[in-house]
Amino acid sequence: MLDSRDPLGSLKEHIARGIAEAASRLGLKVDPTEIPVQKTPSREVGHLGSPIGFKLAGRLKMSPEEVSKNVVDRLNLSSIPIAASASPARGFVNFRFDEPTLIRAIIDAASSPEFGRGDVRGGVVMVEHTSANPAHPLHVGSGRNAVIGDSYARMLRHAGRRVETHYLVNDSGNQTILMSYGFSKVTGEKPKGKIDHWFGAVYAATNIAIELRRAEGEERERLEQALDRLRAEHGEVVDKVFRAIREDPDPEGGVRNLLAAYQAGETWAKEIVRAAVESVMEGFVDTLDRLDIKHDAYDWESDLIWNGWTAEMLERLKDSGYVGFEGGAAYVDLARAIREREDVARVFGLTAERVRELDAEGRLEEVVPPKFYLTRSDGTWLYTATDVAYSLYKIEGVGVEVCHNVIGAEQRLEQLQVRASVALAGEDPDRIQHFSYEMVNLVGVAMSGRLGIYVTLDELMDEAKRKVVELLRDRPGLSQEEAEEIAEKVAVGAIRFALLSVDPSKPVVFSWDRVLNLEANSGPFTQYAYTRASGILRKAGGSPREYQAAALGTDGEYDLVMHLAEFPETLRSAISLRRPDVVAQYANELAARFNKFYETHPVLPAEEPTRSARLALVSAVRNTLGLAMDLIGVPRLEKM
RNA sequence: GGGCCCGUAGCUCAGCAAGGAUAGAGCGGCGGCCUUCUAAGCCGCAGGUCGGGGGUUCGAGUCCCCCCGGGCCCGCCA
């Protein structure tokens, strides 16, 4: 029978098995999973087809056409549910089903919240995402990370995985400590505006003040311009920080000192840094909450240090024999580890043989940077070290089966170093996965937290909302509060869709036009289709109890139904390829097909049995579109 | 220099994982459609050497090799 959560998928499996059986009757053993089954280019030739003739022609020493004919002759059609006919067409074999039965199976499946859902199975899957540095507000780059990670977690959950989302609060590194040092000069100030933006200004002002001590010429000019911009936006706190740092005889020493004291857990340092970072994180949580992004846990880098995870990690790496010291700084002898340990070589995509080859050519240390540091000479921990400790915490502390680290592509090498270290510490490096995504750039200028140049998620939200409120002004029958609520949700839909809908492996150039797009190929486009479906169902008083699938069958209806059927497979692809954007594309395509249907197929005014059948289809579209929107976090709306 | 990634319409992107039936959307441009379920919509027109060249194959945007162009990384930063 057909799987009620994925009828099309099970139909394809049945076809592949049927063809494999037919092939075995021709004396050829074929694995059903190797047999492609796809949609036909047009309904005239059948519903599903397979280019099996081309595939087996060589092995059977027949022409593709002959193979197709022979497969059809030896096919046990009754083993394929609801199949009405199979016909050879050049090298293809095309299958036709009893169409009303097919349509009903799909509509019924697509009307359930269980559509595309997987059985609950396996251990905890962690998705670590966002993890933005507290030194500047969440910007569009952090937004891409957050939206990718959050959406991916939603998809894993629908697929039946137990998911935990974590945020690593990076409070023990140079940038955050620098911000905290600047903050220590203005603790008497009352922060103005959104708290994380205020701290972002403190950070940038501190950094500029320090850099200006050395900068000359053009660089000096750039810094001064950045300072002016900062001053214009954030007012006197910028000057206060700037003056305090300028008068400080040794701000860099002060930062180093604060970093060491904080990592050592000294009370005075904790009071400063924790106060700063906790404030910033409150701001971050507000922003993420607006985008409907929540983390199950916030893991503080400093806790990993204070609770001994980093120290234990270092002991284990020392025990492995690949840690060296240089002026007090600990490093991992990666080149030697790669030479001697196959598991470490594999992390870098190298076989033992390839390592020997490279070594013979003297190129190993050119292909792989030969070592990396875990601590500074003063004994303080570097980011890579806390990240290795964090990985061990994920595996042994939380007990995850696997963790997907949503981290920018520019950190590829660091992630490989972390995974190599995990292997040296005796854990399976494949349990730590780098979910890589490319950066978001601004036209002309590069975003720079150091200089306070970025487009923040908050301003993006505000601007998107403003645009929607404007549009809503001439909508009749909407109260002020309704309009506000709708605008907020449309803004969220627009931003999430825009940040998600491009393949994560491709760099994107940020454009306001693209994010504020409310037309086709956008979150609001899917929301609009959803409200149209909702409107019809609302006026009809709900979905019909009974309907005749045979009343459906126009091309528009068929296209819509077949696209509904692809939801489960789309979800599986999105997960296995780490491409949450494909679900966004899917939702957009479903919305587009529904809009076409909507324009050409009146539902409420239609005669029975067409009316009920179309209502059932609308209900299935609403459900499936809603599920897809849930997965990418585009809010459902009943009216807009 | 080495490694990884990207190159499809004027612009922004799908299609490449598992090669398959005529290369698709959107934006922008031009022209149409609101007394009928929300026009944030729909329809039509114009727009393509799929970066270039080889190769594998019955078949290549998709796989392999070389080249060109762009991005990122190669820090006791994160």
Side-chain angles (χ1 to χ4, degrees), chain A residues 33-36 38 40-42 45 49-51 53-55 57-58 63-64 89-92 94 131 133 135 170 173-176 326-331 348-349 363 365-369 372-378 380 382-384 386-387 407-414 416 436 438-439 441 449 468 471-472 475-476 490 494 501-503 505-509 511 513-514 517-522 524-525 527-529 531-540 573 576-577 579 581-582 584-585 588-589 591-592 595-596 598-606 614-615 618 639-640:
Chain A
T33 60
E34 286 170 24
I35 298 175
Q38 59 208 33
T40 58
S42 98
V45 303
S50 173
F54 296 111
K55 290 276 174 279
S63 73
R90 298 190 290 132
F92 296 94
N94 290 328
S131 301
N133 198 303
N170 189 299
N174 264 331
Q175 296 183 35
T176 306
E326 199 178 279
Y331 66 88
F348 283 81
R363 290 187 58 226
E365 308 205 344
E366 192 177 79
V367 172
V368 179
F372 60 89
Y373 287 84
L374 297 169
T375 67
R376 299 183 180 87
S377 304
D378 66 1
T380 55
L382 288 160
Y383 173 72
T384 309
T386 51
D387 213 6
I407 293 179
E410 69 277 8
Q411 289 200 52
R412 191 189 120 88
L413 177 60
E414 187 269 352
L416 290 172
S436 168
E438 280 287 350
M439 37 168 54
N441 295 301
V468 178
L471 192 71
L472 247 29
R475 273 280 194 289
V490 172
S501 60
V502 176
D503 180 342
S505 74
K506 302 199 182 193
V508 300
V509 175
S511 113
D513 285 351
R514 186 178 147 77
N517 173 26
L518 309 178
E519 297 172 12
N521 245 330
S522 77
F525 180 78
Q527 291 173 309
Y528 187 69
T531 62
R532 281 178 147 185
S534 296
I536 292 173
L537 290 162
R538 192 167 52 241
K539 289 184 179 163
S573 301
S576 66
L577 298 176
R579 288 282 307 273
D581 58 298
V582 306
Q585 305 292 348
N588 186 66
E589 177 65 23
N595 278 332
K596 282 190 177 67
Y598 182 93
E599 299 282 342
T600 49
H601 296 69
V603 178
L604 298 177
R614 286 185 180 167
L615 267 177
V618 171
K639 286 181 187 173
M640 65 188 279

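Both backbone and side-chain heavy atoms feed into the values below; hydrogens, waters and symmetry mates do not. Sequence lines set the chain letters: A, B, ... in the order given, protein chains first and strands last, and positions in each chain run from 1.
Taking atom P in both B:rA40 and B:rC50, the straight-line distance is 38 Å, to the nearest Å. As rounded to the nearest Å, B:rU22 and B:rG61 have P atoms that lie 12 Å from one another. For B:rG69 and B:rU8, the C1' atoms lie 15 Å apart once the distance is rounded to whole Å. Taking atom P on both nucleotides, B:rG28 is separated from B:rC65 by 41 Å, rounded to a whole Å. With both ends at atom C1', the span from B:rA39 to B:rA78 equals 49 Å, rounded to whole Å. Atom P of B:rG70 sits at a distance of 16 Å from the matching atom of B:rU12, rounded to the whole Å. Only the P atoms considered, B:rA46 is 23 Å distant from B:rG41, to the nearest whole Å. Comparing the P positions of B:rA60 and B:rG55 gives an interatomic distance of 12 Å, to the nearest angstrom.
Closest to the A:Pro51 side chain, of the nucleotides B:rG20, B:rC74, B:rA25, is B:rG20. When each of B:rC13, B:rC76, B:rG71 is scored by its nearest atom to the side-chain atoms of A:Glu438, the top-ranked nucleotide is B:rG71. Across B:rA78, B:rA14, B:rC58, the shortest atom-to-atom separation from the side chain of A:Phe54 is found for B:rC58. Closest approach to the A:Asn521 side chain among B:rG20, B:rA25, B:rG41 is made by B:rA25 (side chain taken as heavy atoms from C-beta onward). Side chain of A:Val367, nearest nucleotide from B:rG3, B:rC76, B:rA78: B:rG3. Nearest to the side chain of A:Arg514, among B:rA21, B:rU12, B:rA78, sits B:rU12. Distances were taken from every side-chain heavy atom of A:Val508 (C-beta onward) to each of B:rC73, B:rC13, B:rA78; the shortest belongs to B:rC13.
When heavy atoms are screened at a 4.0 angstrom cut-off, A:Ser573 is found touching base atoms of the nucleic acid. A:Asp378 comes within 4.0 angstrom of nothing in the nucleic acid, heavy atoms only. Nucleic acid contact class of A:Glu589 (heavy atoms, under 4.0 Å, all strands): none. Using a 4.0 Å heavy-atom distance criterion, A:Gln411 is classed as a base contact. Contact annotation for A:Pro64: no contact, since no heavy-atom pair falls under 4.0 Å across all strands. Among the protein residues, A:Gln527 comes within range of no part of the nucleic acid, since none of its heavy atoms lies under 4.0 Å from any strand.
When both distances must be under 3.5 Å, the Watson-Crick or G-U wobble mate of B:rC30 is B:rG44. Judged by Watson-Crick or G-U wobble contacts below 3.5 Å, the nucleotide B:rA39 has no partner. Of all nucleotides present, only B:rG3 satisfies the Watson-Crick or G-U wobble test against B:rC72, with each distance under 3.5 Å.
Residue side chain A:Ser377 reaches the base of B:rC76 through a donor-acceptor N/O pair under 3.5 Å, judged by distance alone.
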Protein within reach of the bases, or only the backbone? For nucleotides 28-40 of chain B, mark each nucleotide 5' to 3' as B, S or -, using heavy atoms under 4.0 Å.
---------BBSB
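Under the 3.5 Å distance criterion, the side-chain polar atoms of A:Asn517 are matched with a main-chain donor or acceptor of A:Ala520. The backbone N or O of A:Gly173 sits nowhere less than 3.5 Å from a side-chain atom of A:Thr176 that would complete a donor-acceptor pair. Side chain of A:Thr375 to main chain of A:Ala330: a donor-acceptor pair is present (N/O by atom type, distance under 3.5 Å, no hydrogens or angles). Within the 3.5 Å criterion, the main-chain N or O of A:Ser501 finds a donor-acceptor partner in the side chain of A:Gln585.
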Test A:Thr380 against A:Asp378 for side-chain hydrogen bond (donor to acceptor under 3.5 Å, both in side chains), laying out the working first.
CA-CA 6 Å; A:Thr380 55; A:Asp378 66 1; 2.7 Å; yes
Dump the intermediate steps for side-chain contact (heavy atoms from CB on, under 4.5 Å) on A:Leu518 and A:Tyr528, then the final yes or no.
CA-CA 9 Å; A:Leu518 309 178; A:Tyr528 187 69; over 6 Å; no
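In this model, a donor atom of one side chain and an acceptor atom of the other lie less than 3.5 Å apart for A:Ser505 and A:Asp503. If you check the side chains of A:Asn170 and A:Ser131, you find no donor sitting under 3.5 Å from an acceptor. Side-chain atoms of A:Ser534 and A:Arg538 form no donor-acceptor pair, as typed in the model, at a separation below 3.5 Å.
Annotated as syn: B:rC34, whose glycosidic dihedral is within 90° of 0.
Using a 4.0 Å cut-off, some side-chain N or O of A:Arg579 falls inside it from OP1 or OP2 of B:rG15. When the side-chain nitrogen and oxygen atoms of A:Lys596 are compared with OP1 and OP2 of B:rC43, one or more of them lie within a distance under 4.0 Å. Close to B:rG7, at under 4.0 Å from its OP1 or OP2, lies a side-chain N or O of A:Lys506. Side-chain nitrogen and oxygen atoms of A:Arg90 include none within less than 4.0 Å of the OP1 or OP2 phosphate oxygen of B:rG59.
Between the C1' atom of B:rG75 and the CZ atom of A:Phe372 lies a distance of 14 Å, rounded to the nearest Å. Rounded to whole Å, the distance from CZ on A:Arg363 to P on B:rG1 is 13 Å. Rounded to whole Å, the distance from CG on A:Asn441 to C1' on B:rG70 is 12 Å. Atom C1' of nucleotide B:rG19 and atom CD1 of A:Ile35 are separated by 16 Å, given to the nearest angstrom. Note: OH (A:Tyr373) to P (B:rA78) measures 15 Å, nearest angstrom. Atom-to-atom, CD of A:Gln38 to P of B:rA17 comes out at 13 Å; the value is rounded to the nearest Å. Regarding A:Glu410, its CD atom lies at a distance of 18 Å from the P atom of B:rC4, rounded to whole Å. Rounded to whole Å, the distance from CZ on A:Phe92 to P on B:rA21 is 6 Å.
Along RNA chain B, the nucleotide closest to A:Asn133 and the one closest to A:Ser501 are compared, and the more 5′ of them pairs with A:Ser501. Mapping A:Gln585 and A:Met439 onto RNA chain B by nearest heavy atom places A:Gln585 at the nucleotide closer to the 5' end.
Between A:Glu438 and A:Val508, every side-chain heavy-atom pair lies at or beyond the 4.5 Å cut-off.
Atoms CZ and OG1, on A:Phe92 and A:Thr40 in that order, are 10.5 Å from each other to the nearest 0.5 Å.
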